[in-house]
Amino acid sequence: MSQSKPTIKHDTLFDKPFTTPLDKASRFSFDEQVVACFPDMIRRSVPGYGQVLAMLPIFARRHCKYRQQGDKGQRVSRIYDLGCSLGGATMALAGEFEAQDLQIKAIDISPAMTTEATTLLNENYPEHDIEVITADIRDVELEPCDMVILNLTLQFLPAADRVAVLEKIYAALSEGGILVLTEKTHAFDEQYDAWLVERYYDFKRANGYTEMEISGKRNALENVLITDTLDEHHARLSDVGFKRHLTWFQFLNFVSVVAFK
């Protein structure tokens, strides 16, 4: 089956200086402008993102055991992609599984993201049971499921809401199911954290970002993307009921954790 390749716009959102007070105070949002360059932004801004996506089907084959019932009464593995953006995690899974094996529910609060994700998924995986939903993940009731993906999503929620989302995920997972949580983090030790941050900016410079772009994005994300320490993530997972959870991937200040129900 031929798959269409979306046109990827180069990320130039922050390549010009702020010109008005409103520009300077503007907050980062996942609108149409961000959607247009999102694949390029992720590739050049998130260390190891491709490796995380590539491992998702491997995790799914190990831990998704057809525990759920599909719309036609068949046994399926139900997976949630929470904060799906353009559906990268969903496509990584659909590309490695037969259409009848998975039921994927991809949810994002941004209509611009879900509109584009729907187009891409319909074009590339029309036979798969994939539902794209425009909603706040804090408000969605989750059906029983085998796997939940929370990639670079929790960090955009207010800190006070993060426990409730994880509690909802834990309750929805079947025994033997897993949560894959990927986040940007900060270190408790200030000197260690400063080294990680500077190397992260080196990573972005190596990927073609200018000093102005790095500074612009940092300002735009201030008070929008709020990171936790890795220890805080693990403590929160324990608090909501996960008995086992481990850090399986780290690249600079980006980590991915798997938690087992």
Audit row: H234, T247, side-chain hydrogen bond (donor to acceptor under 3.5 Å, both in side chains) steps and yes/no: CA-CA 9 Å; H234 281 289; T247 304; 2.8 Å; yes
Okay, side chain of D108, backbone of T134: is any donor-acceptor separation there less than 3.5 Å? no
Does R236 reach the main-chain N or O of V163 with its side chain, forming a donor-acceptor pair under 3.5 Å? no
Looking at Y170, is K261 sitting on its ring face, NZ or CZ under 6.0 Å from the six-membered ring centre and within 45 degrees of the normal? yes
Checking side chain to side chain contact (heavy atoms under 4.5 Å, CB included) against I137, which of I169, L150, I109 comes through? L150
Test side-chain hydrogen bond (donor to acceptor under 3.5 Å, both in side chains) applied to Y49 and T182, step by step: CA-CA 9 Å; Y49 185 71; T182 306; over 6 Å; no
State yes or no: are the ring centers of H128 and F97 separated by less than 6.0 Å? no
Any donor-acceptor N/O pair, S215 side chain to E211 backbone, under 3.5 Å: no
Nearest heavy-atom approach of S45 to F254 is O-CZ, 4.0 Å
Between the main-chain N or O of L82 and the side-chain N or O of T153, is there a donor-acceptor pair closer than 3.5 Å? yes
Over 12 non-hydrogen atoms of neighbours within 6.0 angstrom of CZ in R244: no
Is R162 reaching over with its side chain to a backbone N or O of Q155, donor-acceptor style, under 3.5 angstrom? yes
